[in-house]
Each structure stands twice: as C-alpha cells, then as structure tokens.
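In listed order, ligands and their atoms are each counted from 1.
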Amino acid sequence: MTAMIEIKNLRRVYRIGQEKVIALDHVDLNIDQGEICCILGTSGSGKSTLLNMIAGLEKPTRGEIKIGGRHIEKMTEAQLALFRQKYMGFIFQAYYLLPNLTALENVCLPLTFRGISRKKREEAGKKILADVGLKKYIYHKPTEMSGGQQQRVGIARAFVSKPRLILADEPTGNLDTATTFEVIQQMTDLAHQYHQTLVIVTHDIEIADFADRIIHIRDGKIEKDERKKEREEI
Ligand code: ADP
Ligand code: MG
C-alpha cells in the first residue's frame, strides 16, 4: 500500500487574546491510497482543524504533513493552490455552488483551469452527473434543486477531475437522514470505483459506518483507530 497522507506529531494551537486553545496535539496518522475513512468526533474535537491542515488551508504549529510524498507544510500559498487543484477535491456542508450556473457548469468549473477543451469538459461533467443520478438535472440551477440534489452536484464537482484525494467536512450536515445515507453511499461508491482516497469528517457514527476505517478524535488527539474488518470480527 502507498501512503496518501502521512502526518507526524502534528500540533495546532490557536490564540485568542491571552487564551490558548490546543486544537490538535500529538497527532500521528497515515492514510493509504484508496482508503475510505471517517474522522469521527464531537463538536470542538478538532476535526475541521485536522482536515484544514490536510488541505493545506492552515499551517501547523508543529509537526509535518505529507500528501502523496510531498511536504505541504513547507509549500508557499501559490504552490499549495496548484497542488490542491491537481490532487484534491472538496465537499462542504454548505455546498458552495455558484447560483447563476447550471449543475453542469458548476461541475465543469474545476476543469476550466486545466486547459481541457469545452467539449471534453462537458463530456466529463455529464458522465459524473449521471453517476450521481442527476442526468435529468444537468441544466438546472441550484435553486431549482433539493438540498440532496445540490450536494450531489457538489460531489460531482469534487470527483469530476478524478483527484487522488477527496476531503469532505460534515458533507451531510444540512440533509435529512434518508438523503444523508444516499449521498454518503454515492461518495463512497465513487471513491471505491476510481480508487481514490476519501476522508470524511463527521460527528455522526451512522455516517462513519459507511467508511472502511474510523479514526476517533477527542480533545485534539486520536483516541482510537478502527478498520472495518476488525470491527466486523467483533
Ligand atoms: P470540530 O470541527 O471538531 O468541531 P474544530 O477543529 O473546528 O472542531 O475546533 C477545535 C478547537 O479549536 C475548538 O475548541 C475550537 O473552538 C478551536 N478553534 C477552531 N478554529 C479556531 C480559530 N480560528 N480560532 C480560535 N480557535 C479555533
Ligand atoms: Mg468542524
């Protein structure tokens, strides 16, 4: 197995005036290529901080993070932006679709920075939108779709360029239970299909159950790390 994410002795401290918040401490974590894992913890446990560090959106206070063998904590903002464009896809709780664009245009957006022809972009966009069950909605705008459908557009946008790593922070936080399961299933199916690494942050054990591996985080530390096989044997 090749490592996709290698984290060593990671620490992140926030300062608010005199107050010091240790959001992450002594985090060591390896995630392999093609692994589908959940980071599970209650609110304030450090999940988003960890995901933002992996995305290179925030710098660690101490420690190192390698993605695909590259030290991201040493990259400049410009290097990081390119690196993210090339290797990462993001899915957010709030979808962040552009309201004036159709589903297809939203999904094709990450490809426009890559020098791919319009025809090829649209082919890829239509294919991935069909994969997430939105074949009939490609010309709809976000306001003409349900929350679940909007998040599927968000998923299609994250997957369309086939990035090696997909990061999702509470991706179903705004959805009802039935829709949540559909959406999570779709994400994990796609990641399996294309052998991508998927990291989902959640506070919900039922969502975590869709993953092959659950990394429990509490007060900024990894408390438990369980893989599906081990869990099923219990
Ligand atoms: P989670 O995503 O698990 O809810 P976070 O990673 O957002 O947790 O936060 C972990 C801890 O760090 C919390 O105590 C939170 O208040 C604190 N924290 C997060 N971001 C900031 C920030 N920008 N400034 C100060 N404190 C922060
Ligand atoms: Mg969070």
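With hydrogens and angles ignored, the 3.5 Å screen pairs no side-chain donor or acceptor of K20 with any backbone N or O of R15.
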Query - Candidate pair I166 and I155, rule side-chain contact (heavy atoms from CB on, under 4.5 Å), full reasoning - result: CA-CA 10 Å; I166 299 200; I155 291 169; over 6 Å; no
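Under the 4.5 Å side-chain heavy-atom criterion for grouping Ile, Leu, Val, Met, Phe, Trp and Tyr, L51 is not connected to V183 through any hydrophobic cluster. Cluster membership check: M4 does not share its hydrophobic cluster with L198, using side-chain heavy-atom separations under 4.5 Å among Ile, Leu, Val, Met, Phe, Trp and Tyr.
For the side chain to side chain contact (heavy atoms under 4.5 Å, CB included) test with L50, the passing option among I65, D169, I7, V201 is I7; the others fail. Checked against T172 for a side chain to side chain contact (heavy atoms under 4.5 Å, CB included), the options I200, T202, I184, I91 give a single hit: I184.
The 4.0 Å heavy-atom shell around ligand 1 contains residues Y14, I16, V21, A23, T42, S43, G44, S45, G46, K47, S48, T49, ordered by chain and number.
For the Mg ion (ligand 2), the set of protein N/O/S atoms nearer than 2.8 Å consists of S48 OG, ordered by chain and number.
Y96 and F92 have perpendicular rings, their planes meeting at more than 60° on a 0 to 90° scale where under 30° would count as parallel.
The two residues E35 and R213 have their closest heavy-atom pair at OE1-NH1, 3.0 Å.
Taking the side chain as every heavy atom from C-beta outward, V27 and N9 never approach each other to under 4.5 Å.
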